[in-house]
Amino acid sequence: MMTFDNDTIQALLNLPDLAIERVVLGERKTLRIYVHSTLEGTQCHRCGKPIHHAYGLGNEIELRHLPLLEYRVLLI
């Protein structure tokens with residue numbers, strides 16, 4: 001059985017502004033990778049003004065069909 005550590009997965013995904021919270025090995029060789037953004041602020045999607053603090057968390061989404069080695073990867 002192959003083991004995955006966060007640093008290895010981070011390097012393989014090559015997504016710089018995401019931090020990995022946890023990795024779950026699921027059925028049929030599926031990896032569920034739970035991530036969160038490490039960006040320090042953004043702009044409001046309505047008015048365009050800078051946002052410097054969080055108002056809450058958005059809904060979880062799954063990005064499907066991202067092959068990694070022999071696994072199907074879901075970024076959540």
Side-chain angles (χ1 to χ4, degrees):
M1 180 176 177
M2 182 177 280
T3 59
F4 298 96
D5 62 72
N6 287 0
D7 293 333
T8 301
I9 293 176
Q10 186 77 37
L12 290 170
L13 291 176
N14 193 23
L15 298 172
D17 295 323
L18 292 179
I20 297 173
E21 292 178 8
R22 69 183 191 273
V23 178
V24 178
L25 179 59
E27 297 176 1
R28 298 184 216 146
K29 292 189 128 182
T30 299
L31 287 176
R32 298 175 77 85
I33 303 173
Y34 292 82
V35 299
H36 69 271
S37 175
T38 58
L39 291 175
E40 293 289 328
T42 187
Q43 293 181 336
C44 175
H45 70 280
R46 290 188 179 167
C47 68
K49 292 182 182 177
I51 299 172
H52 300 289
H53 59 280
Y55 287 97
L57 299 175
N59 294 331
E60 289 184 351
I61 60 170
E62 292 183 358
L63 302 176
R64 298 175 186 265
H65 308 296
L66 179 64
L68 180 67
L69 302 172
E70 302 172 9
Y71 293 85
R72 180 172 154 242
V73 177
L74 302 175
L75 291 180
I76 301 171

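In this chain, residues are counted from 1 in sequence order.
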>> Using every non-hydrogen atom in the two residues, find where Thr38 and Ala19 come nearest and quote the distance to one decimal.
In response: CG2-CB, 3.6 Å
> Under the side chain to side chain donor-acceptor pair (under 3.5 Å) rule, what pairs show up with a residue in residues 11-26, not counting sequence neighbours?
Replying inline: Glu21-His36
> Are any side-chain N or O atoms of Gln10 and backbone N or O atoms of Leu15, one a donor and one an acceptor, separated by less than 3.5 Å?
Replying inline: yes
